[in-house]
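Take this structure first; my questions come after.
Values below: all heavy atoms of this structure, side chains included; hydrogens, waters and symmetry mates excluded.
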Amino acid sequence: VGMLRKGLKEIGIVNSDGTDPYNELNPTSIGHYLGMDVHDSSVVTYERPLEPGVVITIEPGIYIPLSFSGPERFRGIGIRIEDEVLITETGYEVLTGSLPKEIKHIESLLNNFSSETGRENHINAKAATS
């Protein structure tokens, strides 16, 4: 949480280290249990023990409402990075650890997807006119 607050301050989204702006921008918890019986269920408490076989999500997020008093260029943006974590006998395993999270990796994936989609559309259009 401290790193997130520091980052928000560094890029100018918030001007103070107080909890109010952070809590407004991150109204959710840091994560929750996963599974058909527990996902988004209000009957599973946060006091449930983490034991081998349990899967949780760690999902810090920032959601900047349009009404936010910070810089206008950030208003209406939402970002969440999510990892699924399996609790094991010896600790944990990050099930989504190999997925890209860095901006440059995500941009690369999006650029590759865009160029493939564009090429596919071009090939399909050419075949349709032949």
Cluster membership besides I106, Ile/Leu/Val/Met/Phe/Trp/Tyr side chains within less than 4.5 angstrom, sorted by chain and number, is L110
Which donor-acceptor pairs under 3.5 Å do the side chains of residues 68-77 make with protein atoms, sequence neighbours left out?
residue : atom : partner : partner atom : Å
R75     : NE   : F68     : O            : 2.9
R75     : NE   : G70     : O            : 3.2
R75     : NH2  : G70     : O            : 2.9

Are any non-hydrogen side-chain atoms of L25 and P65 less than 4.5 angstrom apart? yes
### Message
For residues I58 and I81: do they belong to one hydrophobic cluster (side chain heavy atoms under 4.5 Å, members Ile, Leu, Val, Met, Phe, Trp, Tyr)?
### Response
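Each belongs to a different hydrophobic cluster.
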Q) Partners of E10 by salt bridge (charged side-chain N to carboxylate O under 4.0 Å, His left out), sequence neighbours excluded? A)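 Testing E10 for salt bridge (charged side-chain N to carboxylate O under 4.0 Å, His left out), a comparison that skips the adjacent residues, returns K6.
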**Contacts of type side chain to side chain contact (heavy atoms under 4.5 Å, CB included), residue L109, not counting sequence neighbours** =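 Side chain to side chain contact (heavy atoms under 4.5 Å, CB included) list for L109, sorted by chain: P100.
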Review point. Are side-chain heavy atoms of I56 and L86 found at a separation under 4.5 Å?
Key: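 They are not in side-chain contact.
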Report task. Might you confirm whether atom CD1 of I103 has over 12 heavy atoms from other residues, nucleotides or ligands at distances under 6.0 Å? Result -> no
Self-check item: Between CD1 on residue I13 and CD1 on residue I64, distance to nearest 0.5 Å
Solution: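 So the gap between those two atoms works out to 4.0 Å.
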I'd like to know if L99 and V85 are part of one continuous hydrophobic network [Ile/Leu/Val/Met/Phe/Trp/Tyr, side-chain heavy atoms within less than 4.5 Å].
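Shared cluster, no.
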Salt bridge (charged side-chain N to carboxylate O under 4.0 Å, His left out) against R80, all qualifying residues, sequence neighbours excluded:
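Listed in chain order: E59, E82.
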**Prompt:** For residues 93-106, which residue pairs qualify under side-chain hydrogen bond (donor to acceptor under 3.5 Å, both in side chains), counting only residues two or more places apart or in two chains?
**Reply:**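 Sorted result for residues 93-106: D83-T96, D83-K101.
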Interatomic distance, CD1@I62 vs CG@L8, rounded to 0.5 Å, equals 4.5 Å
